[in-house]
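Inspection log for the structure reproduced underneath, given as structure tokens.
These numbers were taken from a predicted model, which means no experiment stands behind them. Below, chains carry the letters A, B, ... as their sequence lines are ordered, and counting in each starts from 1.
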Amino acid sequence: MAIPMSSEAAKEFIPGWEMVIGLEVHCELKTRTKLFCGCTNSFGQEPNTNICPVCLGLPGSLPVINENAVELAVRIGLSLNCKVDESIFHRKNYFYPDMPKDYQVSQYERAINENGYLELPLSKKMVRIERAHIEEDTGKSTHVGGGGGRIHGADYSLVDYNRAGIPLVEIVSAPDLRSADEAREYVSELRAILVASGASDGKMEEGSLRVDANVSVRRQGSREFGTRCEIKNLNSLRSLVRAIGYEAQRQVELISSGERVIQQTRHWNEDQGVTTAMRSKEEAYDYRYFPEPDLVPLSPSGEWIAEIQGRIGLLPAVRRERMASLFDSVSKGSTLDQIVTAVGLGLDDLVVAAVESGADPKLALARATNEVASDVGNLANLTVANFCELVIMESEGKLSATQAKTVLSKMLESGSGPQKVVKSLGFEALDASVLEGLVDQVISSSPKEWERFSMGEDQLSGFFIGQVMKLSKGKADGKVVTSILRSRRA
Amino acid sequence: MANLAKLSLSEEEELMYTGQLAAILDHARDIMALDTADLLPTAHPLELRNVLRRDVEAPSLDRDEVLSQAPAAEGGRFMVPRILGEAP
């Protein structure tokens, strides 16, 4: 399958400069319970209802590792081509009330997964994965008083520990990304892998997937890295792209005006579209990492790893191959883009099923990546059978393209089948004889145009189709009308 | 170190703790002087590996009871003093 090269234009944001980006992605694992205790792992519960002595760090409580969290972490590692090895846990100590223990348990020296890679689907670029380690999530603070819920100026803070102790895997890439578009492509692909492997639901909007971006700039051709800044609070792909663009621009302007970039952590402000300094390296925390004495090393056996490998579903790269095989050629960029979108949103099963039941592949892919993708929140309303039926109706010309799009949107909204929606919208295809009657009606009421069309002025077919459409109130299929016109002319 | 631990110590306390910490460091230095070339590094004194539990839910604590133990609470959440720094 032919793959278009990534556009050079996207790489060069300011002529003569290059961005260097590495990403840290925190992914919440789809377990039933927390990492070290039996509290429920779920989003959106009443505050402080999923807490126990272990996740509250009460004296005398002891953590025990959730077997399923280890399995899901290994699934991530294997899916990212990492070496899965013996690992240990450390305590990361700090003074901040989002962890009641005053430390977060994480893997510091030896991560469960190390040295993998991910291949970007469009540019085919390899991005190295340095590590994908297990750690526990922190609680959630709400800042009260002051301006806009930010810490500075807050009168006090309120803490909810439901999230404290939820299992996370932090996936750290090497600084291999060179543009905001590549960063977006990386996160989309990583998200698709995390969902396909069954490790995470990948919902950025619910915080299941959180991204920090390390950004620096350098002159084109330079091999040295510039001083980097870490950007936090990137809650969507859109924020990621905007924040990287802003931050790289800021750094280039600093350097160009003779100043220097200070290594610091910066906060992305979505409303103002800017990054602002949170803390500089000089005041960086000393986390005083030390081995967690309450946990023994983790050492998944070869047999267990092999078992886990067998439970990983089809990964995006394989799914894309499977979809590509439905087409004679995917050399066209748009088809490949659509395939990547479909797999990224998990819509590929729909398309494959529709094609297997006789639908036109291009049509099935287009409906999935346009209409279904734009309302993916309602995907649960769409059964595979209903999608197949709709696309086949369009393939067979029973619905025009415009009608099919409208019907599909309504199906997603309501959960009804295509027949029912077609009926309620009055989209039943007109009987051929009715259509012929309409065509004849238009011909007799426009004799001059008909004469010119008969003499070979093909462009007038548009006029006739338009008139028939008007009479049929939009229900006529343009293709059928054209063929009737041709047969009348002959 | 007192700074890191956010402790305000008197001058006498500082002097006392400096002595005590120096003794601890001396002890660590004694251990570091041992020849460990033939020993494998250990991550934990126990030789155990993979102490795991099944992913099964256990009851959580009653929120009101927990919050009644906290110095202050509001709207089902723990109330803490104004936080100066950002989250790490």
**OP:** Would you give the length of the straight line joining atom CG of A:N48 to atom CZ of B:F78, rounded to the nearest 0.5 angstrom?
**Re:** 5.0 Å
**OP:** Sort out for me which of A:I51, A:D160, A:N50 touches chain B most, counting heavy-atom pairs under 4.5 Å.
**Re:** A:I51
**OP:** Could I get the full list of salt bridge (charged side-chain N to carboxylate O under 4.0 Å, His left out) partners for A:D102, not counting sequence neighbours?
**Re:** none
Subject >> Between A:V64, A:T138, A:L295, the one whose heavy-atom pairs under 4.5 Å with chain B are most numerous >> reply: A:V64
Original post:
More than 12 non-hydrogen atoms from neighbouring residues, nucleotides or ligands closer than 6.0 Å to OH on A:Y108, yes or no?
Top reply: no
**OP:** Quick one: which of B:R77, B:E74, B:H44, B:M79 has the most heavy-atom pairs under 4.5 Å with chain A, could you say?
**Re:** B:R77
Subject >> Region of A:E71 in contact with chain B, defined by heavy-atom distances below 4.5 Å >> reply: neither
Original post:
Which atoms of A:P53 come close to chain B, meaning under 4.5 Å heavy atom to heavy atom: side chain ones, backbone ones, both, or neither?
Top reply: both
**OP:** Could you check which of A:C52, A:P47, A:G139 has the highest count of heavy-atom pairs closer than 4.5 Å to chain B?
**Re:** A:P47
Original post:
Would you find more than 12 non-hydrogen atoms of other residues, nucleotides or ligands less than 6.0 Å from A:R228 atom CZ?
Top reply: no
Subject >> Engaged part of A:L56 at the chain B interface, taking heavy atoms whose separation is under 4.5 Å >> reply: side chain
**OP:** Give a yes or no on this: more than 12 heavy atoms of other residues, nucleotides or ligands lie within 6.0 Å of atom CZ of A:R32.
**Re:** no
Subject >> Pick from A:P100, A:P291, A:A69, A:P293 with the largest number of heavy-atom pairs that fall under 4.5 Å of chain B >> reply: A:P293
Original post:
Looking only at heavy atoms, what is the nearest atom pair of A:T49 and B:S60, with distance?
Top reply: O-CB, 3.4 Å
Original post:
Quick one: which residues of residues 48-55 of chain B reach chain A at under 4.5 angstrom, heavy atoms only?
Top reply: B:L48, B:R49, B:N50, B:V51, B:L52, B:R53, B:R54, B:D55
**OP:** Counting only heavy atoms closer than 4.5 Å, note whether A:F36 contacts chain B via side chain, backbone, both or neither.
**Re:** backbone
Original post:
At a heavy-atom separation under 4.5 Å, does A:K140 approach chain B through its side chain, its backbone, both, or neither?
Top reply: neither
Original post:
Any chance CD of B:E65 has more than 12 other-residue heavy atoms, nucleotides or ligands included, within less than 6.0 Å?
Top reply: no
Subject >> Interface moiety of A:C55 toward chain B, non-hydrogen atoms closer than 4.5 Å >> reply: neither
Original post:
Can you find a pair of side-chain heavy atoms, one from B:V80 and one from A:Y156, that are under 4.5 Å apart?
Top reply: no
**OP:** Quick one: which of A:N66, A:N68, A:L298 has the most heavy-atom pairs under 4.5 Å with chain B, could you say?
**Re:** A:N66
Subject >> Residue A:L35 versus chain B: region with a heavy atom under 4.5 Å >> reply: backbone
Original post:
Among A:N41, A:I88, A:T40, which has the most heavy-atom pairs under 4.5 Å with chain B?
Top reply: A:T40
**OP:** Give, as side chain, backbone, both or neither, the part of A:V70 having an atom under 4.5 angstrom from any heavy atom of chain B.
**Re:** side chain
